[in-house]
Amino acid sequence: MVQCEALGFTLRAVVTPQCLLVLDFRGLGLERWLVLELAHQLASHPNPLPFEFRALEAILQHRVSALQARLNEVGPVILDTLESLVDPKLLSADRTKLHVLLQNSKSLSELETDIRVFKDSMLKILDEDEIIEELCLTKWTDPRVLEESCLGIDHAEEMELLLENYYMQAEELGNDTRELKGLIDDSESVIFINLDSHRNVMMRLNLQLTMGTFSLSLFGLMGVAFGMNLMSSFEEDPRVFWLVTGFMFLGSGLIWRRLLSFLGRHLEPTSPPPMPPVWKRNLKTQDAKAGLR
Amino acid sequence: MVQCEALGFTLRAVVTPQCLLVLDFRGLGLERWLVLELAHQLASHPNPLPFEFRALEAILQHRVSALQARLNEVGPVILDTLESLVDPKLLSADRTKLHVLLQNSKSLSELETDIRVFKDSMLKILDEDEIIEELCLTKWTDPRVLEESCLGIDHAEEMELLLENYYMQAEELGNDTRELKGLIDDSESVIFINLDSHRNVMMRLNLQLTMGTFSLSLFGLMGVAFGMNLMSSFEEDPRVFWLVTGFMFLGSGLIWRRLLSFLGRHLEPTSPPPMPPVWKRNLKTQDAKAGLR
Amino acid sequence: MVQCEALGFTLRAVVTPQCLLVLDFRGLGLERWLVLELAHQLASHPNPLPFEFRALEAILQHRVSALQARLNEVGPVILDTLESLVDPKLLSADRTKLHVLLQNSKSLSELETDIRVFKDSMLKILDEDEIIEELCLTKWTDPRVLEESCLGIDHAEEMELLLENYYMQAEELGNDTRELKGLIDDSESVIFINLDSHRNVMMRLNLQLTMGTFSLSLFGLMGVAFGMNLMSSFEEDPRVFWLVTGFMFLGSGLIWRRLLSFLGRHLEPTSPPPMPPVWKRNLKTQDAKAGLR
Amino acid sequence: MVQCEALGFTLRAVVTPQCLLVLDFRGLGLERWLVLELAHQLASHPNPLPFEFRALEAILQHRVSALQARLNEVGPVILDTLESLVDPKLLSADRTKLHVLLQNSKSLSELETDIRVFKDSMLKILDEDEIIEELCLTKWTDPRVLEESCLGIDHAEEMELLLENYYMQAEELGNDTRELKGLIDDSESVIFINLDSHRNVMMRLNLQLTMGTFSLSLFGLMGVAFGMNLMSSFEEDPRVFWLVTGFMFLGSGLIWRRLLSFLGRHLEPTSPPPMPPVWKRNLKTQDAKAGLR
Amino acid sequence: MVQCEALGFTLRAVVTPQCLLVLDFRGLGLERWLVLELAHQLASHPNPLPFEFRALEAILQHRVSALQARLNEVGPVILDTLESLVDPKLLSADRTKLHVLLQNSKSLSELETDIRVFKDSMLKILDEDEIIEELCLTKWTDPRVLEESCLGIDHAEEMELLLENYYMQAEELGNDTRELKGLIDDSESVIFINLDSHRNVMMRLNLQLTMGTFSLSLFGLMGVAFGMNLMSSFEEDPRVFWLVTGFMFLGSGLIWRRLLSFLGRHLEPTSPPPMPPVWKRNLKTQDAKAGLR
């Protein structure tokens with residue numbers, strides 16, 4: 001009689017060499033699996049392995065595939081959402097997508113916790129040989145198995161391999177989860193850089209237009225001056241109109257161009273410090289180092 | 001006689017097989033619990049377990065439920081606050097909510113520390129079998145129990161299960177706390193992206209209006225020119241008024257439209273590099289890999 | 001003869017059953033403590049404990065209280081600075097306060113390192129029982145103590161409790177330091193959200209005013225048109241002045257209102273996707289799960 | 001017979017003293033390597049080492065060089081992309097480069113996971129001496145080797161050195177990967193600071209122009225006033241035109257200069273608090289401390 | 001004969017009781033050190049310690065001081081750069097300084113890796129007593145030393161102290177590196193807060209000027225209206241000019257003041273929620289708690 005509570009943590013089961021007694025599986029939607037699949041699986045297997053092996057494997061298989069199913073559900077949604085959020089053409093992030101991302105990110109955290117809990121309980125069993133020995137129930141009850149054991153067919157070792165296999169699968173899932181979390185972080189950085197870049201581009205356009213408006217205001221002031229009901233002594237000369245009008249438009253244009261080129265120079269210093277591309281040099285040194293080691 | 005100082009760290013208690021001597025519980029609001037509940041709990045239990053088991057369980061139960069209560073207090077407040085802060089309709093974050101978040105985030109950190117301290121002290125006891133043996137006081141004093149021990153009913157193992165059970169509960173609490181912290185971090189990223197998105201949208205609107213103002217200034221300059229008290233030789237022609245006025249308004253409109261479409265093209269390059277949706281492809285490869293493993 | 005170098009790392013001391021020989025305490029401002037307090041403390045104690053216990057306790061006490069003093073110095077300054085920096089009324093962060101924060105944050109890092117180094121050296125001693133045995137000098141020299149030892153009064157165990165006690169205190173300090181660091185991080189996020197919120201609010205105000213200026217420019221263009229020295233055939237009609245003036249002001253106002261309501265709709269979509277408040281639901285599921293476990 | 005599954009995790013191989021039986025290498029592009037190179041390598045070696053050593057070395061060599069090749073592929077691309085992204089002359093981040101960075105960052109995460117998995121499986125073997133003993137197959141089968149073993153030539157130790165060597169190489173790769181990730185993070189911070197700096201510079205220019213536009217509007221209002229068809233009694237004085245025009249332009253210029261200097265003073269407080277350069281002082285103290293230790 | 005490869009990882013050396021055979025030191029600029037200093041150091045020492053101690057100490061000393069030298073090179077540059085980057089008077093970050101920071105940050109990462117590798121290899125030796133025993137070569141060859149060993153002078157212990165000493169030095173270096181990295185992170189946060197603060201201040205100034213421009217446009221529209229060549233029936237009244245002009249200027253000023261005070265109220269709510277200074281209270285509770293523990 002062995003309590004598998006540590007393994008499943010949602011399923012308390014008593015495994016005996018002849019039967020699997022499942023306790024305490026309330027409310028977790030496991031009924032269908034237990035009744036329909038588990039019994040079938042345990043009965044139909046023409047498996048030469050002892051019964052407790054098959055029972056344990058069925059439970060572990062169910063746990064791992066449940067975790068895998070949750071990752072398969074969350075993963076593609078996150079990837080799709082990120083794919084559309086990091087789209088550099090977007091000026092602003094889609095808010096519903098952000099909401100979806102946040103929800104799935106929360107699910108991912110919960111999944112990560114569950115995988116870690118599963119891995120920890122597996123590890124605790126793997127670390128203590130006694131527990132593994134205990135799990136091999138048939139050994140202690142079936143004299144035939146005891147004989148086999150003397151012939152070098154070690155049940156404990158096989159049990160360890162079985163557990164290790166599922167531990168590796170859980171580790172794999174954990175790695176995928178961690179990569180997905182890292183991808184979310186990286187994508188968020190890229191989203192921020194994208195939004196900032198857009199803002200900078202718009203700000204430059206805004207600045208260029210403000211420059212234009214300023215130039216127009218400056219030379220428009222001249223027109224306003226001549227528009228005053230005051231005597232300027234040029235009133236009668238017909239050429240002055242064209243002269244002043246031309247000066248206004250040309251002057252605005254020239255000042256604007258001047259300001260734009262100033263902006264260009266200001267933002268992009270013409271004499272940048274040489275700044276040696278240090279990284280590549282370092283990389284080579286690194287390669288050299290690596291070669292030497 | 002055993003000092004439970006390591007367990008409670010706010011409660012120094014001496015557990016003997018017959019009585020529980022609580023020392024040093026000043027000022028922590030524990031008096032009520034000690035007097036009203038603990039004594040009752042210990043006395044009334046028709047529990048077949050030795051006294052020291054029940055005393056220890058009562059103390060551990062009290063500790064864990066105190067931690068759980070703190071989490072239950074902090075958690076929903078944080079979730080509510082985040083829920084309203086990540087609301088994408090908000091242009092600016094509500095400052096009082098931020099304050100509440102900061103306070104509860106601090107409480108959460110303190111709770112996390114306390115859970116970790118509790119877990120560490122539990123782990124220290126679980127790691128050393130001697131301490132567990134020592135905790136089973138009755139064994140050493142009650143000859144009847146000593147007999148039972150020979151019959152295979154091991155008190156130390158039961159004690160270990162008891163401690164492990166509370167350790168698992170504390171671990172659960174720790175996991176919930178960590179998830180909550182992760183959720184705060186994720187939500188903060190989403191809040192930042194929301195605020196940045198709003199800003200970009202407003203900046204684009206601002207830019208579009210600046211473009212309009214620029215167009216109006218440009219063609220208004222023409223009107224200002226004709227408004228000068230200078231002779232333009234068009235003064236007498238009644239059609240010129242309508243021509244110039246129409247040109248001003250139409251020109252402004254056309255230039256504005258031109259600028260708007262330029263902005264559209266500038267922000268959204270028409271020929272984006274194909275950018276293969278690498279992630280999905282990778283995901284498939286991953287699946288393939290997973291299948292092969 | 002025992003070298004306490006590992007413990008103090010700023011104080012090399014030789015502890016013998018009769019005397020404490022302190023070496024190598026140059027320049028660290030420890031002279032006063034050594035001469036005035038330590039000697040006094042060691043001599044005056046009517047302590048039944050062996051001399052080496054009291055010497056070791058004095059050194060450890062001094063180390064821990066020095067660390068505590070540093071935390072007490074840094075902590076309140078950081079809390080005060082953060083309290084004034086996260087003030088949501090501030091439009092921009094106070095620069096001198098940021099400087100103070102940076103300095104104290106650096107001190108906190110150094111303190112954290114020192115606490116960790118202290119804890120590590122304590123842990124190294126606690127992990128090896130031999131070192132603890134060696135630290136109990138009197139046992140090996142004093143025949144009376146050796147007798148007591150046979151009577152069950154174990155010096156090594158008491159020494160371990162002494163060391164563990166100071167280790168716990170150092171751990172406490174380390175936890176407080178970590179919480180303080182976390183609080184700085186959280187506060188920085190809140191500061192950023194505050195600054196961003198202020199900026200968004202200002203940007204909306206700016207946008208609203210830009211809308212107003214645009215409306216005025218648009219209808220002002222009409223006034224400019226009628227101000228031209230060109231014949232519009234309306235010159236003689238007295239009602240036209242009031243008509244056009246009224247149209248200009250009313251039109252500006254209407255267009256502005258239109259733009260403002262457009263902005264309102266643009267920033268706050270009237271038909272937000274329902275967005276189920278997933279967290280609360282999840283929380284309940286979590287509670288349910290917790291209940292089942 | 002030894003299953004190398006733990007080592008390769010993409011290659012299940014059975015190593016015997018005489019032959020290497022490779023199983024389960026579907027679909028991973030390993031066929032060419034297996035057929036062309038491995039066989040050649042194993043056969044041609046005039047290596048005095050036992051066969052299983054050479055087989056194991058070939059497999060490990062292949063694994064490590066595959067990981068190294070992936071790092072060599074990803075590393076330079078990331079460095080190049082970062083080098084061009086942190087270029088301070090850029091006003092906005094190149095979007096295709098960000099996309100490339102994100103993709104390669106994802107590849108780097110996957111590579112990091114694979115390296116860690118490889119290191120973990122190596123470590124598991126290195127931690128258990130039994131497995132290493134088992135790997136030295138020839139010892140158990142070849143009587144000549146058994147003799148050598150008595151002469152002090154220990155195969156297990158050589159096997160350990162072999163495995164350790166490849167473990168070190170994997171560790172090296174892991175370190176390079178971690179450094180690369182750190183470099184990406186640091187570069188992202190620099191990119192953000194660059195974008196923010198650009199924005200601040202543009203905002204200051206924008207502010208300066210807004211100040212100019214404001215000054216022109218303020219004094220332009222005077223010109224507008226005199227442009228009204230109302231009697232100001234100055235209409236006949238020819239000097240007033242020049243007076244008012246000059247006042248308008250000079251006044252605008254003066255007010256603008258005033259505003260600009262105000263901006264300068266506002267952004268750069270003239271009496272900055274002394275702010276002692278604490279770090280350098282601290283550094284010296286640190287050096288002094290280091291000297292004393 | 002001992003291979004020090006693990007220690008140096010850039011230097012493969014064979015240490016025998018009589019000579020130090022250095023292998024494989026290609027290309028790392030170590031020739032000068034090896035030829036000029038090491039030989040001299042080993043020969044001239046009138047050191048009573050066995051030869052292998054002196055050789056090992058020389059190699060370790062060289063390694064640690066090389067790491068220290070790299071830290072001494074990188075550290076002050078980083079501190080200087082940060083000191084000038086966090087200067088709150090700067091509107092935008094100096095780009096060349098950012099470049100320098102990025103380069104040195106990269107060097108710091110590499111240094112951190114090298115220190116960790118060095119510490120790991122030291123730790124591996126310290127963890128296995130056998131290796132330390134093996135390192136004490138003289139013991140096994142020199143009968144005189146073997147005698148001393150029986151007299152209680154233990155070479156292995158001295159060797160352990162020697163290694164531990166250098167391990168502590170490396171740990172010190174690692175701590176300094178970590179603190180430096182933390183300082184870079186903290187400084188980056190402060191730089192961001194500084195840049196954001198500057199931006200908010202400029203944006204408020206910009207907003208105030210936009211308010212002014214808006215007021216001027218609004219009342220300028222009145223002037224434009226009276227400037228139209230339309231009959232307003234006020235043309236002949238000399239007081240109307242002054243009335244309208246005064247209204248325009250006064251009205252602009254009043255509206256502007258109104259808007260400014262609105263901005264002030266908008267950004268700084270007059271009735272802030274009380275917001276209890278929770279931290280200080282909490283701190284006191286913490287102190288109280290600390291006192292109770």
Side-chain angles (χ1 to χ4, degrees), chain A residues 9 75-76 79-80 82-83 88-89 91-93 95-96 98-99 101-102 105-106 109-110 113 116-117 172 176 183-184 188 191-192 195-196 198-199 201-203 205-206 209-210 212-213 216-217 219-220 223-224 226-230 232 234-238 240-242 244-245 248-249 252, chain B residues 82 86 88-89 164 168 171-172 175-176 178-179 182-183 186-187 189-190 192-194 196-201 203-204 206-207 210-211 213-214 217-218 220-233 259 262-263 266-269 272 275 277-280 282-283 286-287 290 293:
Chain A
F9 91 86
L79 286 182
D80 275 352
L82 287 180
E83 179 97 38
K89 287 185 293 181
L91 182 73
S92 63
R95 292 136 193 206
T96 53
L98 281 178
H99 202 255
L101 181 64
L102 193 55
S105 178
K106 188 169 181 299
S109 293
E110 285 166 13
T113 304
R116 201 182 40 243
V117 167
E172 195 98 357
D176 289 356
L183 188 62
I184 291 178
E188 277 174 355
I191 291 171
F192 280 121
L195 290 177
D196 274 28
H198 268 294
R199 207 172 318 146
V201 166
M202 285 195 288
M203 189 162 268
L205 274 174
N206 201 1
L209 287 172
T210 306
T213 310
L216 290 172
S217 298
F219 284 89
V224 168
F226 279 104
M228 293 188 293
N229 288 326
L230 299 173
S232 61
F234 298 128
E235 281 88 354
E236 303 308 314
D237 193 337
V240 173
F241 173 80
W242 297 110
V244 171
T245 304
M248 266 162 57
F249 279 93
S252 297
Chain B
L82 288 180
V86 300
K89 288 185 293 181
E164 230 162 49
M168 295 291 276
E171 178 122 8
E172 195 99 355
N175 286 338
D176 288 357
R178 201 173 321 120
E179 277 178 23
L183 188 62
D186 289 350
S187 300
S189 295
V190 166
F192 279 121
I193 295 180
N194 262 336
D196 273 28
S197 290
H198 268 295
R199 209 171 317 148
N200 276 12
V201 166
M203 189 162 268
R204 191 180 50 188
N206 201 2
L207 185 53
T210 305
M211 283 170 167
T213 310
F214 172 77
S217 297
L218 182 63
L221 199 61
M222 216 167 77
V224 168
F226 279 103
M228 294 188 292
N229 289 327
L230 299 172
M231 256 183 18
S232 60
S233 74
L259 285 170
F262 171 76
L263 174 66
H266 202 77
L267 291 178
E268 202 172 321
M275 289 196 201
V278 275
W279 290 340
K280 275 172 213 160
N282 281 8
L283 192 71
Q286 217 171 36
D287 286 345
R293 280 172 205 171

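Just so it is clear: chains get the letters A, B, ... in the order the sequence lines come, proteins before strands, and each one is counted from 1.
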Chain B contact via A/S252 - which portion, at a heavy-atom distance below 4.5 Å: side chain
Which pair of heavy atoms, one from [X] and one from [Y], lies closest together, and at what distance?
X	Y	answer
B/S189	A/E188	OG-OE1, 3.2 Å
B/V190	A/L102	CG2-CD1, 3.9 Å
A/G220	B/V224	O-CG1, 3.9 Å
B/E179	A/S109	OE2-O, 3.9 Å

Euclidean distance, [Y] [atom2] relative to [X] [atom1], rounded to 0.5 Å:
X	Y	atom1	atom2	result
A/L209	B/L218	CG	CG	11.0 Å
B/L221	A/L216	CG	CG	6.0 Å
A/L205	B/M211	CG	CE	5.5 Å
A/K106	B/L82	NZ	CG	10.5 Å

A/R116/B/N175 under side-chain contact (heavy atoms from CB on, under 4.5 Å): CA gap, chis, key distance, verdict: CA-CA 10 Å; A/R116 201 182 40 243; B/N175 286 338; 3.0 Å; yes
- request: Could you check A/R199 against B/R204 for side-chain contact (heavy atoms from CB on, under 4.5 Å), going step by step and ending with a plain yes or no?
  value: CA-CA 9 Å; A/R199 207 172 318 146; B/R204 191 180 50 188; over 6 Å; no
field: Steps toward side-chain contact (heavy atoms from CB on, under 4.5 Å) verdict (B/M228, A/T245)
entry: CA-CA 9 Å; B/M228 294 188 292; A/T245 304; 3.6 Å; yes
query: Picking from A/V244, A/T210, A/L98, A/L101, which has the most non-hydrogen pairs under 4.5 angstrom with chain B?
result: A/L98
- request: Considering only heavy atoms and a distance below 4.5 Å, find which of B/N194, B/D186, B/D196 pairs most often with chain A.
  value: B/D196
query: Counting only N and O atoms by type, is there a donor-acceptor contact under 3.5 Å from the side chain of B/N200 to the main-chain atoms of A/L195?
result: yes
Parallel, tilted or perpendicular: rings of B/F192 and A/F192 (30°, 60°): perpendicular
